[in-house]
Amino acid sequence: MQGCSSWLSFLLLVAPQFLLALGIKMMHIPTDTQEENGLDKIPHSIKLIKKNYIYGNANHKVNVYVKVHRNSPFLVCMDISLSQNEVIDPTYLWIGPTGQILKGKSYVNLTATGKLMVLGFRARMSGSYTCTLSYRVFRNDLQAEQERFKTYKFMVYAYREPDYTYRMSVHFETKACNLLANDEFFEELKKILNNLISYLTCHIADTSYKCHSVKRPKHGIGTELFIVFQVNPFARGWDIICHQIPADCEDVTNGHIRQARWLIEEFFRRQEAFLKENYLNTPPIRYIDHSFQVTRLDNCRPGFGKNDITHSDCANCCVACDPGTYSPSNEVFCEKCTNIRIKHYGAKSC
């Protein structure tokens with residue numbers, strides 16, 4: 001038990017010193033740091049032309065992904081090539097996903113030049129937006145007149161950012177696997193990590209550890225604790241924050257969990273320095289430098305899911321479930337509905 005007490009004293013020493021050392025840096029924690037695997041990048045699944053315009057293509061549909069509660073970019077009832085020329089007597093007819101004429105609808109901004117913006121986009125607004133452009137073509141002598149038509153189809157989908165959860169693992173060297181000190185150390189470590197991130201309404205979950213004999217390169221056989229835990233942003237109080245800003249709830253929770261990840265990474269990264277500064281002799285349970293590993297796990301809100309094939313342009317997005325599918329929980333994929341035919345996007349039940 002003496003070894004355990006020594007290590008617990010070390011943890012209690014490290015935690016406040018660590019927080020104090022980070023006191024100034026806390027104001028500058030990166031909230032939009034990109035992950036090593038690129039998953040934290042904001043999805044730009046469509047190529048926006050200048051001024052937030054997306055042009056049509058008469059030969060194929062154009063996929064557009066709009067974040068929920070945001071306005072869509074302007075969908076232009078014209079292709080880029082035609083937009084570089086004079087268009088005589090143009091008229092525009094926009095048809096929405098359910099076959100309704102969009103002119104005069106309160107939830108759209110439709111300009112005189114045929115540009116459409118859908119306001120406050122929701123999952124049920126997803127679907128096909130089609131525009132028919134008619135215009136006149138004259139011969140140089142103005143004697144022959146011809147009316148031409150072009151149709152442009154935009155498939156517009158609502159999407160949300162995934163809810164992030166991090167799975168973390170770390171190794172510690174210990175004297176033996178049958179020590180009661182291992183259990184006490186593990187419990188104390190959980191408390192310290194929870195205290196470290198509690199102000200962010202994040203918490204440690206699904207914790208476990210195993211003890212193994214390990215032969216490391218250029219070392220003899222040692223005994224190591226393999227510790228695994230998850231960090232999620234749904235500790236007590238997170239829903240209060242979301243009630244205040246429901247439109248961007250996942251943006252807030254994801255920002256919090258990024259900060260929590262950074263704090264935990266820093267905590268383990270500084271272990272070796274704290275050991276050297278505060279201990280002449282190595283404590284019986286010691287962090288193995290560079291053993292910290294992290295993987296991001298994604299979850300989608302009900303009514304949304306991922307489909308890398310159908311939505312390859314927005315592979316990391318949680319896109320509104322297609323008609324005929326649904327998602328009742330925070331799973332990553334939409335399920336097929338076998339009982340009834342769901343005709344709308346974003347279904348949460350079958």
Side-chain angles (χ1 to χ4, degrees), residues 43-159 304 307 309-314 317 319-325 341-347:
H44 295 289
S45 54
I46 48 180
K47 293 181 179 179
L48 297 183
I49 308 303
K50 62 181 180 179
K51 298 182 180 178
N52 200 32
Y53 295 167
I54 298 179
Y55 287 82
N57 191 310
N59 298 319
H60 60 78
K61 66 181 181 180
V62 176
N63 289 338
V64 182
Y65 296 87
V66 182
K67 195 168 185 178
V68 290
H69 305 294
R70 304 289 177 86
N71 298 338
S72 76
F74 274 110
L75 311 180
V76 184
C77 188
M78 196 173 290
D79 54 70
I80 296 178
S81 177
L82 187 59
S83 70
Q84 305 305 308
N85 301 315
E86 288 186 343
V87 181
I88 301 173
D89 293 337
T91 61
Y92 312 93
L93 177 64
W94 277 98
I95 304 295
T98 60
Q100 75 276 28
I101 296 175
L102 295 179
K103 185 177 181 180
K105 299 295 184 183
S106 61
Y107 56 88
V108 301
N109 178 7
L110 187 55
T111 72
T113 54
K115 300 178 183 65
L116 173 73
M117 174 183 286
V118 186
L119 308 176
F121 208 79
R122 303 289 193 276
R124 286 176 176 264
M125 294 178 174
S126 300
S128 174
Y129 288 75
T130 304
C131 178
T132 301
L133 165 66
S134 66
Y135 60 100
R136 299 181 188 279
V137 178
F138 296 95
R139 259 185 10 199
N140 290 336
D141 57 10
L142 299 182
Q143 295 301 311
E145 175 184 327
Q146 183 181 16
E147 187 173 16
R148 292 187 179 177
F149 298 89
K150 283 194 173 185
T151 300
Y152 302 98
K153 184 176 182 180
F154 300 84
M155 291 301 299
V156 188
Y157 302 100
Y159 82 91
F304 292 78
N307 190 320
I309 298 175
T310 304
H311 302 295
S312 59
D313 290 338
C314 200
C317 308
V319 183
C321 294
D322 292 335
T325 66
R341 176 66 178 172
I342 300 174
K343 297 182 180 180
H344 61 272
Y345 284 82

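Keep in mind that the numbers below use all heavy atoms, side chains included, and drop hydrogens, waters and symmetry copies. None of these values were measured; they are calculated from a predicted model.
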For Arg122, I'd like to know if atom CZ has over 12 heavy atoms of other residues, nucleotides or ligands within 6.0 Å. yes
Can you check whether Val118's main-chain N or O pairs, donor with acceptor, with Ser72's side chain at less than 3.5 Å? yes
Shortest non-hydrogen contact from Asn63 toward Lys61: OD1-CE, 3.9 Å
Donor-acceptor pair, distance only, cut-off 3.5 Å: does the side chain of Asp89 make one with the backbone of Tyr135? no
Pro73 to Ile54 - nearest heavy-atom pair and separation: CG-CD1, 3.5 Å
Interatomic spacing from OG1 in Thr113 to OH in Tyr53 - rounded to 0.5 Å: 6.5 Å
Please name the pair of heavy atoms, one in Ala158 and one in Ser126, separated by the smallest distance, quoted to 0.1 Å. N-OG, 2.9 Å
Near Gln100 CD, under 6.0 Å, is it more than 12 heavy atoms from other residues, nucleotides or ligands? yes
Side chain to side chain donor-acceptor pair (under 3.5 Å) with Tyr152: which of Asn57, Thr130, Asp79, Thr132? Asp79
What distance separates Tyr107 OH from Met117 CE, expressed to the nearest 0.5 Å? 15.5 Å
Show me the pairs that pass disulfide bond (SG atoms under 2.5 Å apart) and involve residues 82-118, at least two apart or across chains. none
Is it the case that atom NZ in Lys153 sees more than 12 heavy atoms from other parts of the structure closer than 6.0 Å? no
Yes or no on side-chain contact (heavy atoms from CB on, under 4.5 Å) for Asn109 and Asn71, after CA distance, side-chain angles and deciding distance? CA-CA 10 Å; Asn109 178 7; Asn71 298 338; over 6 Å; no
Ring pair (Phe, Tyr, Trp, His ring centres under 6.0 Å) between Tyr159 and His311, intermediate numbers included: CA-CA 11 Å; Tyr159 82 91; His311 302 295; over 10 Å; no
Name all pairs fulfilling the disulfide bond (SG atoms under 2.5 Å apart) condition that reach into residues 84-133, sequence neighbours left out, sorted by first residue then second. Cys77-Cys131
I would like to know whether Val156 and Met125 meet side-chain contact (heavy atoms from CB on, under 4.5 Å); could you show each step before the answer? CA-CA 8 Å; Val156 188; Met125 294 178 174; over 6 Å; no
For Ser81 against Asn85, the heavy-atom pair lying closest together: O-ND2, 3.5 Å
From CA spacing to verdict: side-chain contact (heavy atoms from CB on, under 4.5 Å), Val319, Thr310: CA-CA 10 Å; Val319 183; Thr310 304; over 6 Å; no
Provide the closest heavy-atom pair for Tyr92 versus Met78 in the form atom of the first, atom of the second, distance. OH-CE, 4.1 Å
Please give me the minimum heavy-atom distance between Leu116 and Val108, naming the atom from each residue. CD1-CB, 3.7 Å
Tyr55 and Ser83: CA distance, side-chain angles, deciding distance, side-chain contact (heavy atoms from CB on, under 4.5 Å) verdict: CA-CA 9 Å; Tyr55 287 82; Ser83 70; 3.8 Å; yes
Could you check whether any side-chain heavy atom of Leu102 comes within less than 4.5 Å of a side-chain heavy atom of Ile95, counting everything from C-beta outward? no
Applying the ring pair (Phe, Tyr, Trp, His ring centres under 6.0 Å) criterion to Trp94, which one of Tyr129, Phe74, Phe154 satisfies it? Phe154
If you round to the nearest 0.5 Å, how far is NZ of Lys115 from CG of Asn52? 12.0 Å
